[in-house]
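Comments concern the structure below.
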Amino acid sequence: MNRRTTPTRSWSAPGAAVLAIGLACGLAAIAAPVNAHDDPDEVITEQTDPDCGPGQKKLKKADDRFDQGCLPGKRLGQLDDSDAVLEPGEQASSKNMTLLANIPKNGAFASEGSFSSDLAFQGNYAYAGNYNGFTVYDIKKAHKPKQVAQVVCPGSQNDVSVSGDLLILSTDSSRSNDTCDNEAQSPTIEASWEGLKVFDISDPTEPAYVASVETKCGSHTHSLAPSHDGETLYAYVSSYSPNAAFPDCQPPHDLISVVGIPVDSPEDASVVSEPVLFPDGGNPPGNGSRQTSGCHDITAYPSKDIAAGACMGDGVLMDISDRENPVVTETVRDTENFAFWHSATFNNDGTKVLYTDELGGGGGPTCNPTVGPEKGADGIYDIVDGQLEFRSYWKIPRTQTNTENCVAHNGSLIPVKGKDIMVQAWYQGGISIVDFTDSSNPKEIGWFDRGPLSNERLILGGSWSAYYYDGYIYSNDIQQGLDVLTVRDPRVASAKSVKFGELNPQSQPNFNG
């Protein structure tokens, strides 16, 4: 296993006060670590205790990292959003993208604080997570999707995956019990619960609760990797940020939880191993990006027996040929431009990884000239002889307003053989399609964007996840519900012939068969 600091390009923005951007986005300048950067004023990390100004206190209650983007109102003017063009209620797109349909949040999920989260797909159904549970949509007619079930089951983030007759739900907030009839409860109480829940979706219109598995520090996200014989479904559980005051989340938390779910008896699901990924402690504090104390997201590529982990201050590759005992084979850091390694996507050949940096916790307006093109961006790496070699950064070029949270977030490949093309969510930065076939020169080939939810305050919103499934792009918008989009472009036209039938983007399928 190799560990090294990633080479990065130098960048200077107009008005070098630029990175007095400890400024507004809940980002703070710190002293430069060795080998990271010559100018300590240009090294950015996230505040450990950001100050939420008026109108943004809801970010503090979101249970995730959104409060890292808190912006005291008096500092908003320091961010240059003069090039932003859309107003609330407006939308725009490239000529090749069209919004076909939208189903607004409703029922128990209608409130501003009920954030939509991740998506999974199976057959004619889309499963959409929400901090209050999950929704099932019939997408047989993509231009006329129908909501067929809403399951109320509070517990952020409620990221979802599906496999066969099973739906797996992640709970990463401390609850009073492991059922769907629960309340928030302090993690200092040993009896509090967080982890995975398992549902039977043999009838997608009536999901049925089957089992729960408690995991250390909860389950922020999870990734599925079926056993080679198909008898067991393994879930790699990512969680982070231990605290000595939390009985079920003790430091150093240098591990992940592997949950085994017997396909024929899912009620017997249990933690089967807790492999330590960072025996030396991972990225240390004061090193430009977040200290590593767990993983935020793992993307498994089961058919190739590999996985990529985005683990706070570290990006890793893993060998998962032994499903119960994944082994880290390569680790890389970017202490200059990556604040928080958030998620990962392989290209179809498994020879590249596109990592995302969730600067500002997803709650800050980081898509503007002040922050620049290399922070809160994608980092593209080639895998050469088992090692991660940095090639480029990529970030959407459109300036967003100071009341729009915007940063690189969840996406998936568009299945174009011989090309590496990905659709990706950018919160209120909208949805973008990027071609990274040339790792050193990624290019945007399509986009869709809405204006801010408000000009007066930053309301957490925008596309949480944007994925391509069986001919269409589906987006789960934090505030505006399910979006269905189409892209008409000769560069991706062949993708319509690829039918997955089931898609969990954090468990990548091989579309070459």
Side-chain angles (χ1 to χ4, degrees), residues 1-13 16 18-23 25-48 50 65 68-69 240-241 252-254 277-297 308-317 328-344 353-362 364 366 370-383 387-395 407-408 439-440:
M1 178 177 69
N2 296 309
R3 178 170 285 111
R4 59 190 181 282
T5 299
T6 307
T8 53
R9 300 178 300 180
S10 61
W11 171 72
S12 58
V18 78
L19 301 181
I21 131 184
L23 44 87
C25 357
L27 312 174
I30 62 170
V34 176
N35 296 327
H37 204 286
D38 293 334
D39 182 355
D41 289 334
E42 292 187 2
V43 178
I44 300 173
T45 187
E46 296 168 325
Q47 294 178 1
T48 55
R65 302 176 52 254
Q68 293 294 329
Y240 58 93
S241 293
H253 196 64
D254 49 6
L277 302 189
F278 303 99
D280 64 351
N283 189 52
N287 197 27
S289 53
R290 277 287 292 274
Q291 177 183 3
T292 297
S293 57
C295 289
H296 180 278
D297 208 287
C311 302
M312 304 180 74
D314 291 282
V316 304
L317 291 179
V328 173
T329 59
E330 164 74 337
T331 301
V332 68
R333 294 172 185 158
D334 180 344
T335 58
E336 181 175 358
N337 286 316
F338 259 47
F340 190 96
W341 295 70
H342 171 273
S343 55
V353 186
L354 185 151
Y355 290 98
T356 64
D357 171 26
E358 195 182 48
L359 176 69
T366 73
T370 313
V371 177
E374 297 180 346
K375 294 178 169 62
D378 297 330
I380 301 170
Y381 291 76
D382 285 352
I383 303 173
Q387 296 186 340
L388 290 164
E389 295 191 358
F390 174 79
R391 291 293 182 260
S392 65
Y393 296 109
W394 192 83
K395 188 175 182 179
V407 75
S439 307
S440 299

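Along the sequence shown, residues carry numbers from 1.
Remark: the S392 side chain and the S440 side chain contain no N/O donor-acceptor pair separated by less than 3.5 Å. For the 3.5 Å distance criterion, the side chains of T292 and D314 qualify, holding a donor opposite an acceptor. A donor atom on one side chain and an acceptor atom on the other are found under 3.5 Å apart for Y393 and D334.
The minimum heavy-atom distance linking Y355 with A308 is given by the pair OH-CB, 4.0 Å. Nearest heavy atom pair, residue G362 against residue E358, reads N-CG, 3.5 Å. Residues E330 and L388 share a closest heavy-atom pair of OE2-N, 2.9 Å. Pairing each heavy atom of A339 with each of L359, the nearest pair is CB-CD1, 3.6 Å.
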Going through the distances and angles, do I383 and L317 end up as a side-chain contact (heavy atoms from CB on, under 4.5 Å)?
CA-CA 9 Å; I383 303 173; L317 291 179; 4.1 Å; yes

Assess whether side-chain contact (heavy atoms from CB on, under 4.5 Å) is satisfied between V371 and K395, documenting all intermediate values.
CA-CA 11 Å; V371 177; K395 188 175 182 179; 3.8 Å; yes

Check the pair N283, T335 against side-chain contact (heavy atoms from CB on, under 4.5 Å), reporting the backbone distance first and the verdict last.
CA-CA 9 Å; N283 189 52; T335 58; 4.3 Å; yes

For S293 and M312, run side-chain contact (heavy atoms from CB on, under 4.5 Å): C-alpha distance rounded to whole Å, both residues' side-chain angles, the deciding distance at 0.1 Å, then the answer.
CA-CA 7 Å; S293 57; M312 304 180 74; 3.6 Å; yes

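Contact of the R391 side chain with the Y381 side chain is not registered, since no non-hydrogen atoms from C-beta on lie closer than 4.5 Å. Counting heavy atoms from C-beta outward, V332 and W341 have side chains that approach closer than 4.5 Å. Side-chain contact between F278 and C295: present, with at least one pair of heavy atoms (C-beta onward) separated by less than 4.5 Å.
A donor-acceptor pair under 3.5 Å links the side-chain atoms of D357 to the main chain of F340, judged by distance alone. Distance alone, capped at 3.5 Å, is enough to place a donor-acceptor pair between the H296 side chain and the H342 backbone. Put simply, the side chain of T356 gets close to the backbone of S343: a donor and an acceptor are under 3.5 Å apart.
Here the straight-line distance linking atom CD of Q387 with atom CG of D382 works out to 12.5 Å at 0.5 Å rounding. Going from atom CZ of R333 over to atom SG of C311 covers 11.0 Å, rounded to the nearest 0.5 Å.
Remark: H253 pairs with no residue by the ring-ring contact (aromatic ring centres under 6.0 Å, His included) rule, at least two apart or across chains. With sequence neighbours left out, the side chain to side chain donor-acceptor pair (under 3.5 Å) criterion links D378 to Q424.
Between F338 and F390, the ring center distance fails the sub-6.0 Å criterion.
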